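Computed from a predicted structure; not experimentally measured.
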Amino acid sequence: MTSQQHDDLSRGDLTGRVIIVTGAGSGIGRATAHAFARAGAHVLGVGRRKDALAQTAAAYPGIDTHPADLRDPDVPRQVAEAAAERWGRVDVLVNNAGATQVMPLAETTAEGITSLFDLNVTAPSLLARAALRHLRRTKGAIVNVSSTYGHRPLPGGAHYAASKAALEQLTRSWAVELAPGGIRVNALAPGPTESQALEAAGLPETTIEQIKHEEAARIPLGRRGEPDEVAAWILRLADPATTWLTGQVLTIDGGLELT
Ligand SMILES: NC(=O)c1ccc[n+]([C@@H]2O[C@H](COP(=O)([O-])OP(=O)(O)OC[C@H]3O[C@@H](n4cnc5c(N)ncnc54)[C@H](OP(=O)(O)O)[C@@H]3O)[C@@H](O)[C@H]2O)c1
C-alpha cells in the first residue's frame, strides 16, 4: 500500500481498514467480525478453533482467520504481523477474546487466577504492544471488551470481575499514554449477552438455563443482549469518525448497571 493510499484511507470510513478481532469464532467476536466485514473492512479473526473461525469467515470474503491460542506469549506478535503482512496496515485492534470462570474464594487456585488473567489481561496487553507500531502509522484505535462486572461486584466470580477491572484501567492508562500518537483506546462493557461464554466456562446446561433466566429477570429491559447489539457499539468506538473519544468505558447492558 502506498503512503498516498494510506492518507486517503485515514480520512475515510471503515472501508479498507484492517481490523484484528480476537475471539472471532463465536458470540460477540463473530458478530463483530461480520459487522466490520459488512462495513467494508478487512478482518483477521483469531481464536483457537479452526472450524469455528471458518464458520465465521464463510460467506464473508473480507474475513481471514488466524487460529491460535492467545495464552501463548508468542502469538500476539504473530497475529499483528499476519494482519500487517496480509493487508499492509493495521487500523483497529479489538481485544474481545475472554473467558469467565465461576471461582468462589474458598475454591480459588493459583492456576485458576493465572489462566484467567493470561487470557483476559496479558493477551490483550501483548496484542496491543505488538500492534502498536502499526497503529501509530494509521492513528488507529483499540477497543477492549470488558463487562458490566468490570465495575460491579460479582460474588463467586471475583477474579473474572477483577480481570475486567484491570482491562478497564489499562484502557484509561493506554488512552493517555497513546494519545500523543493519535491512537484512541476505549472499552465496551456488555452485560449478559447470548454467546458460548457460559458453555465455555464448563457449566452444566441446567445451571446455564437458570443463570440466563435470573439475568433476564434482573435486566430492566427484560432480556439478555444479542451479540449484534454489542458489536454495533464496538464498531462505533473503533470508527475513525469517532474522532474525540478516548479512555472511556461504555456499558451496554439493558440497564443492568443501574439496578
Ligand atoms: N456473553 C456475555 O454475557 C458477556 C458479558 C460481558 C462481557 N463479555 C465478554 O465478551 C467477550 C466475548 O465473549 P462471548 O460472550 O462472545 O463468549 P464466547 O462465545 O465464549 O467467545 C469467546 C471467544 O474467545 C475465544 N477464546 C477463548 N480462549 C481463547 C484463547 N486462549 N485463545 C484465543 N481465543 C480464545 C473463543 O474461541 P476458541 O474457544 O475457539 O478459542 C471464543 O470464540 C469476552 O471477553 C467476555 O468476557 C461477555
Side-chain angles (χ1 to χ4, degrees), residues 1 3 6 9-10 16-26 28-30 32-33 36-37 41-50 52-54 56-57 62-99 113-146 163-164 166-188 234 237-238 240 246:
M1 178 166 298
S3 60
H6 227 273
L9 269 184
S10 64
R17 307 265 167 189
V18 176
I19 323 290
I20 297 170
V21 179
T22 67
S26 60
I28 294 167
R30 174 176 284 175
T32 301
F36 274 116
H42 306 293
V43 179
L44 187 69
V46 185
R48 289 167 303 179
R49 286 166 301 154
K50 211 174 170 177
L53 291 174
T56 298
I63 302 179
D64 253 10
T65 63
H66 187 99
D69 187 338
L70 286 162
R71 286 189 174 114
D72 176 342
D74 292 332
V75 163
R77 189 184 44 76
Q78 293 162 6
V79 168
E81 292 318 308
E85 273 168 29
R86 173 77 173 80
W87 294 292
R89 56 188 292 138
V90 178
D91 295 273
V92 174
L93 167 64
V94 181
N95 274 320
N96 164 75
I113 299 170
T114 303
S115 164
L116 209 47
F117 274 68
D118 279 354
L119 180 62
N120 291 3
V121 181
T122 307
S125 304
L126 296 183
L127 262 168
R129 175 184 153 177
L132 192 52
R133 71 189 179 95
H134 304 293
L135 295 174
R136 282 200 174 113
R137 266 189 86 200
T138 55
K139 298 197 187 315
I142 298 173
V143 181
N144 293 322
V145 178
S146 177
S163 73
K164 293 301 190 183
L167 195 56
E168 293 187 2
Q169 195 61 342
L170 292 172
T171 301
R172 297 185 189 95
S173 298
W174 291 343
V176 178
E177 190 175 324
L178 305 185
I183 300 171
R184 298 181 305 101
V185 188
N186 291 289
L188 191 73
I234 293 176
L237 293 180
T246 198

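Annotation: side chain to side chain contact (heavy atoms under 4.5 Å, CB included) contacts of Leu237 (sequence neighbours excluded): Val143, Asn186, Leu188, Leu245. Considering only residues two or more places apart in sequence or on other chains, Asn144 meets the side-chain hydrogen bond (donor to acceptor under 3.5 Å, both in side chains) condition with Asn95, Thr171. Taking the side chain to side chain contact (heavy atoms under 4.5 Å, CB included) definition, one finds that Thr56 meets it with Arg30, Ala33, His34, Ile63, sequence neighbours left out. For the side chain to side chain contact (heavy atoms under 4.5 Å, CB included) test, residues two or more places apart in sequence or in another chain that qualify with Ala128 are Leu93, Ile142, Trp174. In this view, Asn96 satisfies the side-chain hydrogen bond (donor to acceptor under 3.5 Å, both in side chains) rule with no residue, not counting sequence neighbours. Remark: Arg136 engages no residue in a side-chain hydrogen bond (donor to acceptor under 3.5 Å, both in side chains) (not counting sequence neighbours). Residues satisfying the salt bridge (Lys or Arg N to Asp or Glu O under 4.0 Å) test with Glu81, not counting sequence neighbours, are Arg133. Take Arg172 and apply the side-chain hydrogen bond (donor to acceptor under 3.5 Å, both in side chains) test, not counting sequence neighbours, and it matches Gln169.
Residue pairs meeting the side chain to side chain donor-acceptor pair (under 3.5 Å) criterion with at least one partner in residues 63-72, sequence neighbours excluded, are Asp64-Arg86, Arg71-Ser115.
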Legend entry - Pair Leu167-Asn120, side-chain contact (heavy atoms from CB on, under 4.5 Å): steps then yes or no: CA-CA 8 Å; Leu167 195 56; Asn120 291 3; over 6 Å; no
Inset, instruction - Begin with the C-alpha distance, continue with both residues' side-chain angles, and end with the deciding distance and a verdict on side-chain contact (heavy atoms from CB on, under 4.5 Å) for Leu132 and Leu178. - result: CA-CA 9 Å; Leu132 192 52; Leu178 305 185; 3.8 Å; yes
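Contact between Leu70 and Ala97 at its shortest, heavy atoms only, is CD1-CB, 3.8 Å. Of all heavy-atom pairs spanning Ala141 and Ala238, the tightest one is CB-O, 4.1 Å. For the residue pair Val90 and Ala83, the shortest heavy atom distance occurs at CG2-CB, 4.0 Å. Residues Gly16 and His42 come closest through the heavy atom pair O-CD2, 3.6 Å. In terms of heavy atoms, Val75 sits closest to Ala68 at CG1-CB, 3.6 Å. Residues Gly45 and Ala24 share a closest heavy-atom pair of CA-CB, 3.6 Å.
In this structure, the side chain of Lys139 does not engage the main chain of Arg184 through any donor-acceptor pair within 3.5 Å.
For the side chain to side chain contact (heavy atoms under 4.5 Å, CB included) with Val21, the lone residue among Val92, Leu44, Thr32 that qualifies is Thr32.
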